[in-house]
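Everything numeric here is computed off the predicted structure, so don't read it as measured data.
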Amino acid sequence: MLQKREKVLLLRTFQGRTLRIVREHYLRPSVPCNSPLCTQPAACRNDGKLLSSDVTHYMIPDWKVVQDYLEILEFPELKGIIFMQTACQAVQHQRGRRQYNKLRNLLKDARHDCILFANEFQQYCYLPRERGESMEKWQTRSIYNAAVWYYHHCQDRMPIVMVTEDEEAVQQYGSETEGVFVISFKNYLDSFWPDLKAAHELCDSILQSRRERENESQESHRREYPEHLPLEVLEAGIKSGRYIQGILNVNKHRAQIEAFVRLQGASSKDSGLFSDILIHGMKARNRSIHGDMVVVELLPKNEWKGRTAALCENDSDDKASGESPSEPMPTGRIGDLEGEIATILVENSISVAPFSEAQMCEMPVNTPENPWKVSPEEERERKDLRKTHLVFSIDPKGCEDVDDTLSVRTLNNGDLELGVHIADVTHFVAPNSYIDIEARTRATTYYLADRRYDMLPSILSADLCSLLGGVDRYAVSVMWELDKTSYEIKKVWYGRTIIRSSYKLFYEAAQELLDGNFNIIDDIPEFRDLDEKSRQAKLEDLVWAIGKLTDIARHVRAKRDRCGALELEGVEVRVQLDEKKNIQDLIPKQPLEVHETVAEFMILANHWVAKKIWESFPHQALLRQHPPPHQEFFSELRECAKAKGFFIDTRSNKTLADSLDNANDPSDPIVNRLLRSMAAQAMSNALYFSTGSCAEEEFHHYGLALDKYTHFTSPIRRYSDIIVHRLLMAAISKDKKMEIKENLFSNKDLEELCRHINNRNRAAQHSQKQSTELFQCMYFKDKDQETEERCISDGVIYSIRTNGVLVFIPRFGIKGAAYLKNKDGLVISCGPDSCSEWKPGSLQRFQNKITSTTTGGESVTFHLFDHVTVRISVQASRCHSDTVRLEIMRNQPYMIPDTELFHQSSLLLKSDLVKEVTRSVEEAQLAQEVKVNIIQEDYQKYCQTKGRSLYTLLEEIRDLALLDVSNSHEI
């Protein structure tokens, strides 16, 4: 029978009133104990994971031990661990979601012998907190009480060892109950696990780090803060009215900036104050923390910070405003870059804490004194490509985490060998190691507009796992033998290799070499110190390789185009910063053919690896599925195309691709870009999944038109790829009849991991979008809208709404609403000179247009795909982040300056060139090959054509994978 208890909380409001909150708390006589020694399993309902029966004792960690030593508690050697609900809640509330999620994952992991016991809901374990008792003492007392109950519940047959960092608890409870022992965590390891060296080393390291932090903190406090006054001085000051006594309340949303002292007792009456006292900044708190009883010195009235000061940069601004604040109130500054970035991270539950000492201890060393080298054992086991293959990478400028390299060469029989070589991250990241668990938790590298937060430490991501030029690196390679003329695949080989990349090219340099502009080699470091003869020879080899790779990619892409290629559209904007991180420009990414060349081979490798791991492990392989979109999501796309006289057939990916190819307005290339962008918006989300969780016909990737697909090519920045690498290595071992060393996930565990990775990918995508919007706002903020050229731009209407239109600004990649009716009820009007102004009137919306009519009879109509002149400004908010505001100035296109016009034209010409090359190759092949008939059965059943598809630059916008500004070939 349930027992009802009440928890009463007394909270004090900002107005000084006391608020009484009552929470109901229900207790049960039985909760799951999950012990095999339970004498009442039916009453306890032990249907989950049970503790091991072959342990000598049960170990119960105190709340402090769970917080500080969780990494040691994750050791699989430690068994029979019972985590009390009280300790878990302390971790959740005091250490944050990241640490709490690590604890939850540990409890759910079937490989670890530990359980959760809900002691606060068990009738005989629950202890109410006593008046005046600190939270820490109550937590320790509750955990000990639950340990005693658990011991008796198991009929005194299993000793209980409670480990704690509280010396008083060891003295108080150590010998209180026979069979229940209370000792320190260090003594526990010494007594029960003397041979577990790694745990002892980590424990010593944590203790040493704690002592150093305490010493540094004390020294810092001595330097930064004044000493507290003696008690007699404080009492005299309170009596005289110089000092005021109260409770410190820290604003959790601005903990570093502001706190308040809530007046207590006689202080509020004697001081004559009617509100809380503001404590501005950390120094003014003088080491006190939330909830402390403090004594505060009231500043002179002319130094008080009030409402006006809260919005100013400094006190002088406040005085200049002419307003004098009356009493203290919440004060702080908002809107700075670091604060906004921190908000984005918190909103998306992204942890950017440094890697721990235990994790870094697992990392290899690579220093000038002790450089990393290829080991003789690895040289024997891997295929060595250093002297036989011209390997190089093509990445964005400044890229440090180089996941992939390419190679192509002519074989002795005249055929070609194409190679994709990916960083061998799993060589350095062992399964279930500290760094592996951390990478699994992060799941991805988070790319923001001006920075990134790595999934792996920089010694791996930017050094030993980065396939940099001129250094030896371990790789996992996929190499195909291709027919020399048709480029058909004859053979495929998978395996571990040793490579030495000859060149670390950036996209623009590779494109220049492809176009025949060899002056660019002055910007390629690998050519600088060569003599003329060597330079010419190496240049010829590199240009041949880039040209041959591009030719192969063109043929493969043209072939897949006929099978239903989806070329979607989106805008990727690069933020250009100066040395001081001030924003110089927002630059839309320029499409280059080498982008698609590299991406083509990444798709090829991902597809072939997906087939390989599924064939070897049909029920526990990690693949990526992209379901067909719902037809109703295409309604806006169809209607918008219809307004321009185009018909979009969305019955399959093939018909959609063909329709988009035909929807070209020769007078306005932006129309096709917007239609492709709408198609991208209609796409379903692509997700990771375990092959044992759904039928094979659900494996398809609609956007790429592949029957099986995965992510293999970016293990530095995606944990999914690490899992796929381990699966591939296990598949190779299986083919060789060798023992599988990799610890593979079961279907159930893999499906749960996929859900976690999908969630983190969604957070990564959302955080990047927010950071881009943040920099867009910062770029336009505080600019004179009348004189600043950047604030006026050409916009294209792409959607009609009841009170306005949605506008796309190609120059900056901005999409937003432009209202035709303001808050005062006035509507937009455009006079003979096309300039807009607000007048009384009404709006009338039609399917493809909207008309604004004033009371004076003037009217203006805006149609879909009309070009208008738009003013860009920033709308500030005290409560939310700033947003870009668009306002239509003229119902005519903006006259673009000549330089900018040339820049935009070059973008379109490059894109058209790629399409033209693909089209010409396709026509050449069609003259020689028999047309491929669409398999009607698959078409009717799945609404898609089976076959390969063209990689689309921004398919990832709807693909839940991170749209990576530093690496454009992610699918």
Side-chain angles (χ1 to χ4, degrees), residues 560 563-570 603 606-607 609-611 613-614 618-638 648-660 676-712 718 720 724 747 750-762 764-766 934-963 970-971:
R560 298 193 321 188
C563 298
L566 279 181
E567 184 178 350
L568 305 183
E569 180 65 42
I603 293 173
N606 287 335
H607 174 55
V609 169
K611 293 198 296 184
I613 62 176
W614 175 77
H619 302 296
Q620 57 189 120
L622 187 151
L623 299 188
R624 191 163 175 80
Q625 62 185 171
H626 186 203
H630 298 287
Q631 288 298 307
E632 58 267 26
F633 293 167
F634 287 121
S635 58
E636 185 174 15
L637 168 64
R638 289 192 290 260
I648 304 294
D649 187 345
T650 61
R651 289 176 297 170
S652 74
N653 54 0
K654 171 62 177 172
T655 60
L656 174 61
D658 291 343
S659 299
L660 290 171
R676 292 183 185 276
S677 177
M678 291 179 192
Q681 294 297 317
M683 291 294 116
S684 305
N685 292 325
L687 300 168
Y688 298 108
F689 71 102
S690 172
T691 51
S693 63
C694 60
E696 185 178 349
E697 54 266 25
E698 298 177 26
F699 291 4
H700 285 82
H701 196 296
Y702 176 89
L704 299 176
L706 294 172
D707 57 344
K708 294 175 184 67
Y709 191 71
T710 192
H711 274 166
F712 158 76
R718 292 189 304 229
S720 57
V724 169
N747 172 61
L750 184 58
E751 186 61 21
E752 185 173 335
L753 176 60
C754 287
R755 280 195 295 270
H756 167 69
I757 296 176
N758 290 332
N759 175 274
R760 290 293 82 208
N761 280 350
R762 190 158 37 246
Q765 182 191 28
H766 192 233
I934 298 175
I935 303 174
Q936 294 298 328
E937 180 182 352
D938 287 343
Y939 172 79
Q940 295 170 3
K941 190 170 183 181
Y942 308 119
C943 290
Q944 77 169 42
T945 307
K946 275 196 174 182
R948 301 185 183 96
S949 155
L950 175 64
Y951 166 75
T952 59
L953 184 61
L954 292 181
E955 185 265 352
E956 285 304 310
I957 289 181
R958 305 297 301 167
D959 208 11
L960 276 189
L962 179 62
L963 176 61
E970 171 145 338
I971 311 96

Open item on the list: Under the side chain to side chain donor-acceptor pair (under 3.5 Å) test against Arg651, which residue among Asn653, Asp649, Thr655 passes?
Closed with: Asp649
With the side chain counted from C-beta on, respond yes when [X] and [Y] share a heavy-atom pair under 4.5 Å apart, and no when they do not.
{"X": "Leu656", "Y": "Tyr702", "result": "yes"}
{"X": "Leu623", "Y": "Ile613", "result": "yes"}
{"X": "Ile603", "Y": "Leu706", "result": "yes"}
{"X": "Met683", "Y": "Phe634", "result": "yes"}

Task: Mutual orientation of the aromatic rings belonging to His701 and Tyr709 [parallel < 30°, tilted 30-60°, perpendicular > 60°] - done: perpendicular
Rounded to the nearest 0.5 Å, what's the gap from [atom1] on [X] to [atom2] on [Y]? Could you check?
{"X": "Thr650", "Y": "Phe633", "atom1": "OG1", "atom2": "CZ", "value": "12.5 Å"}
{"X": "Leu622", "Y": "Ser720", "atom1": "CG", "atom2": "OG", "value": "6.0 Å"}
{"X": "Thr710", "Y": "Arg624", "atom1": "OG1", "atom2": "CZ", "value": "9.0 Å"}
{"X": "His766", "Y": "Arg762", "atom1": "NE2", "atom2": "CZ", "value": "11.0 Å"}
{"X": "Thr691", "Y": "Trp614", "atom1": "OG1", "atom2": "CH2", "value": "8.5 Å"}

To check you understand the geometry: which heavy-atom pair defines the closest contact between [X] and [Y], and what is its length?
{"X": "Glu751", "Y": "Ser693", "result": "OE1-OG, 3.1 Å"}
{"X": "Pro629", "Y": "Ser684", "result": "CA-OG, 3.2 Å"}
{"X": "Phe699", "Y": "Cys694", "result": "CE1-O, 3.6 Å"}

Sub-3.5 Å donor-acceptor pair from the side chain of [X] to the main-chain atoms of [Y], do we have one?
{"X": "Asn759", "Y": "Arg755", "value": "no"}
{"X": "Gln625", "Y": "Glu698", "value": "yes"}
{"X": "Asn747", "Y": "Gln620", "value": "no"}
{"X": "His607", "Y": "Lys708", "value": "yes"}

